[in-house]
Number of protein chains: 2
Amino acid sequence: MPRSPIRRRLAEAATALFDERGYDATTVDDIAARAGVSRSTFFRHYRSKEDVIFPEHDALLAKVAARLAASTADTAVVAVCDAVRIVLAHYVDDAEVSLQRYRLVGKVPALRDREIASVARYQRLFREFVADWLDGSPDAALRAELMAASVVAAHNQVLRGWLRAEGRHDPFGPLDHALQYVITTFRHLEKPRGRETSDRVVVAAFRSSASPDTVMDAIRAQLDARPPADR
Amino acid sequence: MPRSPIRRRLAEAATALFDERGYDATTVDDIAARAGVSRSTFFRHYRSKEDVIFPEHDALLAKVAARLAASTADTAVVAVCDAVRIVLAHYVDDAEVSLQRYRLVGKVPALRDREIASVARYQRLFREFVADWLDGSPDAALRAELMAASVVAAHNQVLRGWLRAEGRHDPFGPLDHALQYVITTFRHLEKPRGRETSDRVVVAAFRSSASPDTVMDAIRAQLDARPPADR
DNA sequence: CGCTCAGAAGATACTCAGTCCCATCGCGTC
DNA sequence: GACGCGATGGGACTGAGTATCTTCTGAGCG
């Protein structure tokens, strides 16, 4: 069923009509008529009127989950930050559609709520992933919630900025910048996987009994991983 | 309109029916009938079927906004953390209703989405408040987003725990504990209002090309400002 | 070439949420 | 007792979403 030509026609008809008359003033019959199919057919291809606007979310969620599962990162934050890039990439790949949806969602409260619910699903996925990862450590559930919320918040902030700018700049730089806040906030709360160094990065830098210069370098590296405002 | 006896009757009828037959299997007519009023009257008192489950959210949002506006806290995080207590208090005050709603929401996806949308409104309020407060400082918008998301996440985590435990323990201790993470994470990123201490500990330490010992001390100081679980 | 069978599309009827409008009723006021 | 007014009842209407039945189409096969 994915990517059938009729799905495409329906989506195009819908966006055109939403653009011309607005979301509420457009009925499913209108959409079907413009696409040259029957109302029944519409509901065979989209579960609801809203679904025309928010497609592929399930597939994307699955992709993100797969990425998490395959992650080789040493900490949960890093794994999740890595995974959230997929989401942004998805928006950027379909910039045209994303922008159109953004404009529409800004006007229709029902759609806004729906979008928020979608985002919450990613957040939940992240939360559960992190909770599993951290399982056993103190306040695991709480930290998982905070991490997931922060990563999603960082993503949202960058995405909104990109959308407001009508997709004119590359958003991955800003995303990395934003995620740096999150990573530096949470990374030191975790023990990196595999190694049995019960300490944070900073301390590890000092463990290697190196020259002061080496120490300084390590520390600088640590600092470079921080958000600029902190330097 | 608030607190009319008929509103109460409707709410009681609705919760009873939702409990007996489930949410989807209960029609608005059923509710109205059991409450002994007409369908029209139902919609005069509640905008929608979902509204019977989520009352007072607007009023609560207003209360939270008022608390924020009247805040005397020295940093934005603290102000927001303080405000979020009102939300939890509201749930705890109506423990019976909150628990019933929790059970119902767990079963009906549509209600879950609706609740998420409600929470998003608080988050937005917080975000805008913090963004105003931080206005001008670097990455203000990003930090506002992160702070708001974190405070809400902390609240949600505690609330869910309390609900899962069927309201048997006091949740304000856990809430404060959770908010400590958030406050210690964000507080040092803000200049307390009024005072003019423009640097963070870390920066000062490394700018001065000091001996490794001085560096170590500075880092320890930095670590001491972190959440307890980290030490 | 024509038959068959299955999957996809059309057609129709139904339920129910939500909106609108109008008639009515209770009730206090003048 | 007439008037006004807010709240209620009642009924009509729109539109989303579901279920069911019929019709088409096209691929495979004799």
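Naming: A, B, ... by sequence-line order, numbering from 1 per chain.
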Contact string for nucleotides 10-25 of chain D, one letter per nucleotide 5' to 3', B = base within protein heavy-atom range under 4.0 Å, S = sugar-phosphate only, - = neither, reads BB---SBBB-------

Which residues pass the side-chain hydrogen bond (donor to acceptor under 3.5 Å, both in side chains) test with [X], not counting sequence neighbours?
X: B:Gln100; result: none
X: A:Glu128; result: A:Arg124
X: A:Asp82; result: A:Arg67
X: B:Thr41; result: B:Ser38

Only counting residues at least two apart or in another chain, list the ones meeting ring-ring contact (aromatic ring centres under 6.0 Å, His included) with B:Tyr102.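 None.
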
Exercise for the section: Quick one: list whatever passes ring-ring contact (aromatic ring centres under 6.0 Å, His included) with B:Tyr122, sequence neighbours left out. Expected result: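 Only B:His57 meet the ring-ring contact (aromatic ring centres under 6.0 Å, His included) criterion with B:Tyr122.
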
Next item on the list: Taking only heavy atoms on the protein side, list every residue of residues 12-21 of chain B lying under 4.0 Å from any atom of DNA chain D, sorted numerically.
Entry: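 Residues of residues 12-21 of chain B under 4.0 Å from DNA chain D: none.
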
Short side-chain N/O contact to D:dT8 OP1/OP2 from B:His45, under 4.0 Å =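 Answer is yes, contact under 4.0 Å.
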
Nearest whole Å is fine: how far is C:dC16 P from B:Ile31 CD1?
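In whole Å, C:dC16 P lies 12 Å from B:Ile31 CD1.
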
**Prompt:** OH of B:Tyr46 versus P of C:dC16: gap in Å, rounded?
**Reply:**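 Answer to the nearest Å: 22 Å.
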
Which atom pairs, donor and acceptor, lie under 3.5 Å between side-chain atoms of residues 25-36 of chain B and protein residues at least two apart or in another chain?
unit_1, atom_1, unit_2, atom_2, d
B:Thr26, OG1, B:Gly22, O, 2.7
B:Thr27, OG1, B:Asp29, N, 3.3
B:Thr27, OG1, B:Asp30, N, 3.1
B:Thr27, OG1, B:Asp30, OD1, 3.4
B:Thr27, OG1, B:Asp30, OD2, 3.2
B:Asp30, OD2, B:Arg21, NH1, 2.9
B:Asp30, OD2, B:Thr27, N, 3.0
B:Arg34, NH1, B:Glu20, OE2, 3.2
B:Arg34, NH2, B:Glu20, OE1, 3.2
B:Arg34, NH2, B:Glu20, OE2, 3.4

Item to complete: Just say parallel, tilted or perpendicular for the rings of A:Phe42 and A:Tyr46, cut-offs at 30° and 60°.
Response: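 It falls in the tilted class, 30° to 60°.
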
For DNA chain C, the dot-bracket notation using Watson-Crick and G-U wobble pairs below 3.5 Å, [ ] for pseudoknot-type crossings and | for other-strand pairs, is ||||||||||||||||||||||||||||||

Point to revise | Within residues 148-165 of chain B or reaching into it, pairs that qualify as salt bridge (Lys or Arg N to Asp or Glu O under 4.0 Å) - sequence neighbours excluded | key: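 Only A:Glu145-B:Arg160 qualify under salt bridge (Lys or Arg N to Asp or Glu O under 4.0 Å).
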
- Query: Which pairs with one or both residues in residues 108-123 of chain B pass salt bridge (Lys or Arg N to Asp or Glu O under 4.0 Å), sequence neighbours excluded?
  - Reply: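 Of all non-adjacent pairs touching residues 108-123 of chain B, those that pass salt bridge (Lys or Arg N to Asp or Glu O under 4.0 Å) are A:Asp113-B:Arg121, A:Arg121-B:Asp113, B:Glu50-B:Arg114, B:Asp51-B:Arg114.
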
